[in-house]
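Comments concern the structure below.
These numbers were taken from a predicted model, which means no experiment stands behind them.
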Amino acid sequence: VFRVDPAFFEYGGNMKPDYISVPDWELLLKKYPNKEELLDKLTNYPPQYLIGNVEFLGQTINVDKRVLIPRFETELLVDKTIKYAKELFNKKINVIDLGTGSGCIAISLKNNLDANVTALDISKDALDLAKKNAKLNNAEITFINNSMTEDLQNNYDIIISNPPYIPYNGFVEEKVKKTEPNIALFADNNGLYFYEEILNKHLFHLNSPGLIAFEIGDNQKALIEELVSKLNLKYSFENDLQGLPRYLFIFK
């Protein structure tokens, strides 16, 4: 979640919001040379939308209001998944990214693994942008417009997802709620709905050996462990760079 802070400090003669990096501020000034106009825009829009792209594991990912802005936590999810994939498999693998959004996960996996990658999303608008991002990053990906709760048509070696996981009564910064797609943020059943659906419906489509990789909310470990402990499969919760439990890996 991106912090919004009214405080500004002086940098090189320019007033810069203290939650924006110096390189991003310089990019923004090139695009919006009128600083007052820029600061006004930043009260309503995340800087990533104004810049128009983010870097994600070395890939350039275009972003706008059609998709969730990729976070550092998701970058680490993909990095960990790549490492597990290289340990588990010595063949070309089949991967599906459920709820691909901007395509950042699918594109990074395709460009770092020997894999056939499928990316699924319920939003046609998100898929339109994800397809452009795949082309931009020379990643050949199969895109499917469907809900992640619908039955899969094929089997996969890796199922990965950063699904909506915020409870509808959970805290979200107002700027995030107003600008980023709510369909990518919120989920029923205290935020657990999509984890339950994926585990109930798609575990049968996971090859053996196989890996399920999830990003989870930092306060959801205990609730999700109640679900996965019943599967009789090996699993591992792992922490983000702040030491918070943000990832679940399930091994079949």
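For the residue pair Y247 and I216, the shortest heavy atom distance occurs at N-CG1, 4.0 Å. Residues W25 and K35 come closest through the heavy atom pair CZ2-CD, 4.5 Å. Scanning both residues, K91 and D157, for their nearest heavy atoms gives NZ-OD1, 3.3 Å. The heavy-atom pair separating T43 from K175 by the smallest distance is O-CE, 3.7 Å. Among all heavy-atom pairs drawn from I250 and F214, the shortest one is CD1-CE1, 4.4 Å. Scanning all heavy atoms of the two residues, the minimum distance from Y49 to T179 falls at CE1-O, 3.7 Å.
No donor-acceptor distance shorter than 3.5 angstrom exists from the side chain of D40 to the backbone of E36, with no hydrogens or angles considered. The backbone N or O of N137 lies less than 3.5 Å from a partner atom in the side chain of N111, making a donor-acceptor pair. Under a 3.5 Å cut-off, the side chain of S208 and the backbone N or O of G210 do not form any donor-acceptor pair. Under the 3.5 Å distance criterion, the side-chain polar atoms of Q59 are matched with a main-chain donor or acceptor of L57. No side-chain donor-acceptor contact under 3.5 Å links D188 to the backbone of Y193. Put simply, the side chain of N34 gets close to the backbone of E37: a donor and an acceptor are under 3.5 Å apart. Proximity of a side-chain donor or acceptor of N189 to a complementary backbone N or O of G191 within less than 3.5 Å is not detected. With hydrogens and angles ignored, the 3.5 Å screen pairs no side-chain donor or acceptor of E238 with any backbone N or O of P245.
The shortest side-chain heavy-atom distance between N182 and V172 does not fall under the 4.5 Å cut-off. Looking at heavy atoms from C-beta onward, L231 lies out of side-chain contact with K252 at the 4.5 angstrom threshold. Using a 4.5 Å heavy-atom cutoff, the side chains of I144 and T118 are in contact. When side chains are defined from C-beta on, I212 counts as touching L199, because their heavy atoms get closer than 4.5 Å. Here the side chains of D121 and V67 are not in contact, with every heavy-atom distance at 4.5 Å or above. Side-chain contact between I107 and I141 is present, with at least one heavy-atom pair separated by less than 4.5 Å. Residues L185 and P164 have side chains not in contact (no heavy-atom distance under 4.5 Å, counting atoms from C-beta outward). With a 4.5 Å cut-off on side-chain heavy atoms, L248 and E225 do not count as touching.
The line from CG of L77 to NZ of K80 is 9.5 Å long, rounded to the nearest 0.5 Å. To the nearest 0.5 Å, atoms CG (L211) and CG (L206) are separated by 7.5 Å. Between L152 atom CG and L203 atom CG the span is 11.0 Å, to the nearest 0.5 Å. Taken to the nearest 0.5 Å, the CG atom of L28 stands 8.0 Å off from the NZ atom of K31. Rounding to the nearest 0.5 Å places CD of E26 at 11.0 Å from CD1 of I51. Atom CE of residue M148 and atom OG of residue S161 lie 4.5 Å apart, to the nearest 0.5 angstrom.
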Item checked: Criterion side chain to side chain donor-acceptor pair (under 3.5 Å) on N53 and T60, from CA distance to verdict -> CA-CA 7 Å; N53 63 69; T60 298; 5.6 Å; no
Next item on the list: Report the C-alpha distance between V78 and L109 in whole Å, list the side-chain angles of each, state the deciding distance to 0.1 Å, and finish with yes or no for side-chain contact (heavy atoms from CB on, under 4.5 Å).
Entry: CA-CA 7 Å; V78 178; L109 291 177; 3.8 Å; yes
Note to self: Quick one, I160 with I96, criterion side-chain contact (heavy atoms from CB on, under 4.5 Å). Give me CA distance, side-chain angles, the key distance, then yes/no.
What the structure shows: CA-CA 6 Å; I160 187 169; I96 188 165; over 6 Å; no
Next item on the list: For H202 and D151, run side chain to side chain donor-acceptor pair (under 3.5 Å): C-alpha distance rounded to whole Å, both residues' side-chain angles, the deciding distance at 0.1 Å, then the answer.
Entry: CA-CA 7 Å; H202 303 334; D151 191 39; 5.0 Å; no
Note to self: Does I224 form a side-chain contact (heavy atoms from CB on, under 4.5 Å) with F237? I'd like the steps, not just the answer.
What the structure shows: CA-CA 10 Å; I224 294 177; F237 286 94; 4.2 Å; yes
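The side-chain hydrogen bond (donor to acceptor under 3.5 Å, both in side chains) with N94 is formed by just one residue from the set N207, N116, N155, N154; it is N116.
Between D128 and K124, no side-chain nitrogen of the basic residue sits less than 4.0 Å from a carboxylate oxygen of the acidic one, so the salt-bridge criterion is not met. Electrostatic pairing of E140 and K110 does not count as a salt bridge here, judged by no charged N lying under 4.0 Å from a carboxylate O. With respect to E215 and R246, a salt bridge is recorded, a charged nitrogen being found less than 4.0 Å from a carboxylate O.
Counting non-hydrogen atoms of other residues, nucleotides and ligands closer than 6.0 Å to CD1 of I183 gives a total of 12 or fewer.
Taking the six-membered ring for Trp and thresholds of 30 and 60 degrees, Y165 and Y195 have nearly parallel ring planes, at less than 30 degrees apart.
For the 3.5 Å distance criterion, the side chains of N133 and S102 fail to qualify, holding no donor opposite an acceptor.
Qualifying salt bridge (charged side-chain N to carboxylate O under 4.0 Å, His left out) partners for K201, counting only residues two or more places apart in sequence or in other chains: E197.
Identified under the ring-ring contact (aromatic ring centres under 6.0 Å, His included) test for residues 80-114, with sequence neighbours left out: Y84-F249, Y84-F251.
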